[in-house]
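Below: one structure, written as structure tokens.
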Amino acid sequence: MSKKMKFICIFLIFPVVMVAALFLSLYIGEKTKSKEEETTQAGHTDEEINQMLLAEYQKSQSTRQEIEYATEAATLAPTDEEYDDMIGDAEQDSQEAMAAFSEDDLSADEEAIIAQAEKDAKEKRAASNYNGILVVSSMNKTAPVDGFDVNLTAEELAADHPLFLQYDPRWAGYPYGTGTMKSSACGPTSFAMCITALTNITNASPPLVATYSMNHGHYVPGAGTAHSLFLNGCGDFGLYCHEISNTEAEMMAAIDRGEMLILSVHYGNFTHSGAGHFIVIYGYNANGFMVNDPGSYERSCKYWPYSVISGDINKIYALGKL
């Protein structure tokens with residue numbers, strides 16, 4: 001090889017090859033890191049999450065009797081922070097809330113449809129249709145004789161947006177903090193609806209999600225469910241969560257992306273409690289937003305225009321699948 005060729009190889013070709021090799025190794029390293037991050041973000045499989053929920057529930061049941069003997073839970077009064085009187089007497093209060101808006105009063109035919117819808121739910125029919133809103137919710141007529149029924153029905157698991165109710169006899173009396181699912185668990189019940197709708201997890205029933213909330217520090221004594229349940233808890237269920245602003249356009253954009261919304265609302269259309277309430281929004285059309293309210297079957301059977309609910313909203317969290 002001539003001196004000229006050696007010079008070209010040493011000072012031109014070799015540096016180019018070395019730089020190319022360096023960039024290639026960096027690229028491969030980034031791809032590997034990205035893959036590892038994706039795996040980490042994806043977290044556990046649905047079956048592992050099911051087992052985690054079940055294990056936490058079983059552990060809580062093994063200690064619940066001992067705790068009940070040691071400390072007797074106080075009876076909640078309407079003046080207590082956690083008490084939500086829209087849930088304490090759901091049927092009466094939801095009717096009062098519906099009647100509060102004269103410009104949007106229900107006709108006799110519409111009231112009959114809603115009454116039939118709730119009857120259908122109690123009879124465990126697959127679904128009820130109210131003016132284009134498909135409501136899937138199975139409520140037992142009576143509470144389970146022995147303990148609590150923490151299982152979801154096949155119809156609820158198959159539904160795009162199942163409605164879970166705090167006062168469902170399957171779990172209404174299940175302990176949550178110093179209260180029960182019925183009195184205080186609108187947060188876990190709303191979260192359970194999102195997990196079940198967005199994933200293939202089958203054990204995310206309201207009482208099991210409530211147990212998860214308590215075990216992971218998302219229940220604040222004397223205050224109720226912390227918003228960290230959604231912001232920090234989502235990752236454990238293969239979901240992401242981010243806060244969005246209270247505008248109709250941003251809410252619609254999130255839903256268009258396939259996300260579901262959990263709204264923190266104050267005294268107004270959905271609650272008469274100073275402690276507030278959580279609801280789920282999963283869709284919209286020209287009539288308004290479609291709501292799954294864990295505290296009322298009736299309020300989940302109607303459309304809610306943004307102009308009606310915007311003043312109720314404290315915060316909005318958009319949840320989607322990782």
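For the numbers below, each heavy atom of this structure counts, side chains included, while hydrogens, waters and symmetry mates do not. Here, residue 1 is the first one in the sequence, and each next residue gets the next number.
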Can you name the closest pair of heavy atoms from [X] and [Y] and give their distance?
{"X": "Val136", "Y": "Ala127", "answer": "CG2-CB, 3.7 Å"}
{"X": "Pro294", "Y": "Ser190", "answer": "CG-OG, 3.5 Å"}
{"X": "Ala204", "Y": "Thr196", "answer": "O-OG1, 3.5 Å"}
{"X": "Asn287", "Y": "Pro305", "answer": "O-CG, 3.8 Å"}
{"X": "Ala254", "Y": "Ile244", "answer": "CB-CD1, 4.2 Å"}
{"X": "Pro206", "Y": "Leu152", "answer": "CD-CD2, 4.3 Å"}

Could you walk me through whether Trp304 and Asn269 pass the side-chain contact (heavy atoms from CB on, under 4.5 Å) test, one step at a time?
-> CA-CA 10 Å; Trp304 292 91; Asn269 296 291; 3.9 Å; yes
Quick check, are the ring centers of Phe191 and Tyr212 under 6.0 angstrom apart?
->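 They do not qualify: ring centres at least 6.0 Å apart.
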Can the ring centres of Tyr267 and His272 be said to be less than 6.0 Å apart?
->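 They qualify: ring centres under 6.0 Å apart.
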Between [X] (side chain) and [Y] (backbone), is there a donor-acceptor pair under 3.5 Å?
{"X": "His161", "Y": "Val291", "value": "no"}
{"X": "Asn203", "Y": "Gln51", "value": "no"}
{"X": "Asn200", "Y": "Asp46", "value": "no"}
{"X": "Tyr219", "Y": "Ala210", "value": "no"}

Report the residues that fulfil salt bridge (charged side-chain N to carboxylate O under 4.0 Å, His left out) with Glu243, sequence neighbours left out, ordered by chain and then residue number.
->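 Scan of Glu243 (salt bridge (charged side-chain N to carboxylate O under 4.0 Å, His left out), adjacent residues dropped) gives Lys315.
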Residues in salt bridge (charged side-chain N to carboxylate O under 4.0 Å, His left out) with Glu56, at least two apart?
->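 Salt bridge (charged side-chain N to carboxylate O under 4.0 Å, His left out) check on Glu56 returns nothing, list empty.
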From the options Thr180, Asp149, Thr211, select the one residue that forms a side chain to side chain donor-acceptor pair (under 3.5 Å) with Tyr174.
->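 Looking at Thr180, Asp149, Thr211, the match for Tyr174 under the side chain to side chain donor-acceptor pair (under 3.5 Å) is Thr211.
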Between [atom1] on residue [X] and [atom2] on residue [Y], distance to nearest 0.5 Å:
{"X": "Leu231", "Y": "Tyr317", "atom1": "CG", "atom2": "OH", "result": "5.0 Å"}
{"X": "Ile262", "Y": "Leu319", "atom1": "CD1", "atom2": "CG", "result": "5.0 Å"}
{"X": "Met139", "Y": "Leu163", "atom1": "CE", "atom2": "CG", "result": "8.0 Å"}
{"X": "Glu156", "Y": "Ser138", "atom1": "CD", "atom2": "OG", "result": "4.5 Å"}
{"X": "Phe270", "Y": "Leu263", "atom1": "CZ", "atom2": "CG", "result": "8.0 Å"}
{"X": "Met193", "Y": "Asp293", "atom1": "CE", "atom2": "CG", "result": "7.5 Å"}

Quick one: does [X]'s side chain get under 4.5 Å of [Y]'s, heavy atoms only?
{"X": "Met181", "Y": "Asp168", "answer": "no"}
{"X": "Tyr176", "Y": "Ser213", "answer": "yes"}
{"X": "Leu53", "Y": "Ile201", "answer": "yes"}
{"X": "Phe230", "Y": "Ser264", "answer": "no"}
{"X": "Phe237", "Y": "Leu198", "answer": "no"}
{"X": "Ile49", "Y": "Ile195", "answer": "no"}
{"X": "Ile133", "Y": "Tyr303", "answer": "yes"}
{"X": "Met260", "Y": "Val280", "answer": "yes"}

Begin with the C-alpha distance, continue with both residues' side-chain angles, and end with the deciding distance and a verdict on side-chain contact (heavy atoms from CB on, under 4.5 Å) for Asn285 and Met290.
-> CA-CA 8 Å; Asn285 63 18; Met290 300 169 191; 3.6 Å; yes
Aromatic plane relationship, His242 with Tyr240 - under 30° parallel, 30 to 60° tilted, over 60° perpendicular =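 Parallel.
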Chi angles and distances behind the side-chain contact (heavy atoms from CB on, under 4.5 Å) call for His227, Asn314 = CA-CA 11 Å; His227 295 203; Asn314 289 323; 5.8 Å; no
Side-chain donor-acceptor pair under 3.5 Å between Glu250 and Ser245, yes or no?
->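 Yes.
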Side chains of Asn246 and Tyr306: donor-acceptor distance under 3.5 Å anywhere?
->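 The criterion, which ignores hydrogens and geometry beyond distance, is satisfied for Tyr306 and Asn246.
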Could you note down all residue pairs passing salt bridge (Lys or Arg N to Asp or Glu O under 4.0 Å) where residues 253-267 supplies at least one of them, sequence neighbours left out?
->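 Residue pairs with at least one partner in residues 253-267: Arg257-Glu259.
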Take Trp171 and Thr189 through the test side-chain contact (heavy atoms from CB on, under 4.5 Å) and record every step on the way to the result.
-> CA-CA 11 Å; Trp171 47 66; Thr189 305; 5.6 Å; no
In the single-linkage hydrophobic clustering (I, L, V, M, F, W, Y; side-chain heavy atoms under 4.5 Å), do Val308 and Met252 co-cluster?
->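 In one cluster: yes.
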